[in-house]
Amino acid sequence: MKKIKVGLLGLGVVGAELANIINSNKEDIMQKYGIEMEIGKAYVRDLHKKRNADIPFSKLTDNANEVLNDSDIICECMGGSGTEATKDYVVRCIEMTKPVIMSSKKVIALYGKDIIDLCMTKKSQLRFDATVGGGIPIAKVIKECFKGEKITKAVGILNATSNYIYSSMERKGYSFEQALKKAQDLGYAENDPSEDINGFDALYKVIVLALFAMKSWVNIKEMSTKSFSSIDIVDMKYAQDLGYKIKPLAIFQKKKDKKFVYRVGPCLIAENHIAANVINNFNIIVFEGSNSGKLGFYGQGAGSKPTASAMYDDLVSVLKTSFDYEMDLYDGCDVIHDYRDFTNSLYWRVSVDNIIGKLALICNVFAKNSVNIEKVIQKDEVNGKMDVVLLTNSVESTVIDLITHEFENNKVDVNTIIPFFND
Ligand SMILES: NC(=O)C1=CN([C@@H]2O[C@H](COP(=O)(O)OP(=O)(O)OC[C@H]3O[C@@H](n4cnc5c(N)ncnc54)[C@H](OP(=O)(O)O)[C@@H]3O)[C@@H](O)[C@H]2O)C=CC1
Ligand SMILES: N[C@@H](CC=O)C(=O)O
């Protein structure tokens with residue numbers, strides 16, 4: 001009987017659950033593939049931390065080299081502050097032509113091109129379906145099913161933590177901080193949650209999806225995000241009054257001239273859009289295919305079990321297949337910062353002292369900058385201040401900066417600016 005030892009780099013939320021799934025499916029692997037698959041060494045930082053997996057202490061190590069040398073296949077479940085180290089371990093596995101299953105989207109987003117190029121040279125196996133969409137088997141669907149499809153456009157909720165936060169604020173009245181704490185307790189957030197709430201985690205996933213679905217390599221050095229944390233509960237309420245939801249959206253498009261247009265940040269989305277009703281830790285990815293039109297994929301985007309399940313699936317797939325020759329079919333794209341292809345209106349919430357002339361001043365500032373006001377809604381006065389919600393046409397960020405600056409000089413507080421997403 002063939003024996004395979006699976007090494008684990010990381011035994012936290014995802015790694016421990018992956019170990020449980022491997023252990024509970026041993027019989028199945030033996031019957032289907034005639035392979036005796038067992039967990040080898042598991043690399044952790046703290047040998048004495050309590051683990052959610054049934055792994056003997058003798059298998060734990062705080063020396064990653066032991067995992068690399070001892071195993072036939074390596075599952076990387078690290079990430080966190082160890083991005084550089086994770087990349088180095090992955091590279092070393094590939095150099096030894098040991099198959100690697102990855103979870104860290106940050107490592108792929110930063111170093112994916114070099115990692116894939118190395119795999120091509122070494123003819124070594126690599127899978128990273130769990131890096132995006134948690135339990136949604138998106139890479140496999142694209143690989144197996146989209147033979148005649150060209151995917152040019154996508155919209156998604158790709159960060160479970162921020163979606164969980166928004167849903168909890170809207171539905172349970174939690175503050176942003178309370179909801180974030182809950183998301184951390186549930187194992188959804190990154191080691192450093194600023195990765196989630198500042199949109200970087202979603203941006204990494206845009207890069208991974210561009211690779212999977214558009215065969216494009218997009219350089220993160222040219223990209224930026226809008227933080228998800230700038231939203232207040234009142235914005236959600238006002239959005240609802242307008243027939244919209246505020247969602248942590250990622251939108252991207254590959255144009256014919258290989259230009260890549262994207263936006264990651266909060267967006268207003270019509271309440272009857274499929275993504276408006278995706279809540280908690282769920283993700284959705286809606287592609288626009290050349291023949292099929294819109295295609296949506298939905299599932300838990302974070303959490304120990306869905307993510308470990310996606311990794312386990314990748315693990316079994318390397319048992320079944322050999323080198324994946326399709327991986328190198330990507331080309332570079334130029335990143336474009338103006339995202340107005342996706343939006344033609346902006347939501348502004350400003351607050352002002354409730355005194356004569358303030359509304360006129362606000363309208364003048366927009367007019368001076370050639371911005372058309374589509375709607376103005378004056379809200380109730382609270383403590384001498386009133387919120388004014390304005391819907392305007394969409395403008396370049398330089399114009400937004402000019403207007404914001406002028407408002408600041410005139411004691412108009414700019415609380416929120418969010419684009420509407422045009423489907
Ligand atoms: N949680 C989720 O729902 C999802 C996570 N991912 C990705 O999976 C990876 C692991 O996530 P998760 O299991 O939640 O994270 P955890 O923090 O729970 O686990 C990380 C594991 O890696 C070990 N580790 C070793 N070196 C480092 C280091 N320098 N920094 C951080 N950890 C280190 C930790 O050791 P020790 O236990 O001793 O601290 C721990 O066992 C990340 O890349 C994440 O982005 C992907 C999809 C979903
Ligand atoms: N922190 C991530 C975990 C999964 O990728 C998220 O919240 O989506």
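Sequence positions, counted from 1, serve as the residue numbers for this chain. Start at 1 and go down the list; that is how both ligands and their atoms are numbered.
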Quiz item: Can we say D235 and R349 salt-bridge, meaning some charged N sits less than 4.0 Å from an Asp/Glu carboxylate O?
Solution: yes
Quiz item: Any salt bridge between D129 and K143, counting N to O under 4.0 Å?
Solution: no
Quiz item: Hey, are the side chains of C267 and I251 touching, using non-hydrogen atoms and a 4.5 Å cut-off?
Solution: yes
Quiz item: Heavy-atom distance under 4.5 Å between the side chains of I373 and L391, does that happen here?
Solution: no
One pair per line, please: each N/O atom of ligand 2 matched with every protein N/O atom under 3.5 Å away, atom names first, then the distance to 0.1 Å.
from	atom 1	to	atom 2	distance (Å)
ligand 2	1 (N)	Y188	O	2.7
ligand 2	1 (N)	E190	OE2	2.7
ligand 2	1 (N)	D196	OD1	2.7
ligand 2	5 (O)	K105	NZ	2.7
ligand 2	5 (O)	K205	NZ	2.7
ligand 2	7 (O)	N159	ND2	3.3
ligand 2	7 (O)	A160	N	3.3
ligand 2	7 (O)	T161	N	2.8
ligand 2	7 (O)	T161	OG1	2.6
ligand 2	7 (O)	Y188	O	3.2
ligand 2	7 (O)	D196	OD1	3.3
ligand 2	8 (O)	N159	ND2	3.4
ligand 2	8 (O)	A160	N	2.8
ligand 2	8 (O)	K205	NZ	2.9

Quiz item: Applying a heavy-atom distance cut-off of 4.0 Å, which protein residues contact ligand 1?
Solution: G10, L11, G12, V13, V14, Y43, V44, R45, D46, K49, R51, C77, M78, G79, S81, G82, S103, S104, K105, A130, G187, E190, N191, A302, G303, T307
Self-check item: Distance flag, aromatic centroids of F287 and F252, threshold under 6.0 Å
Solution: no
Quiz item: Taking atom types as modelled, is there a side-chain donor on S162 or D196 under 3.5 Å from an acceptor on the other?
Solution: no
Practice problem: For the residue pair N344 and S394, confirm or rule out a side-chain donor-acceptor distance under 3.5 Å. | Solution: no
Self-check item: Pairs meeting criterion ring pair (Phe, Tyr, Trp, His ring centres under 6.0 Å) with involvement of residues 120-170, two or more places apart
Solution: F128-F212, Y164-Y188
Exercise. For K2, check salt bridge (charged side-chain N to carboxylate O under 4.0 Å, His left out) against everything at least two apart and list the hits.
Key: none
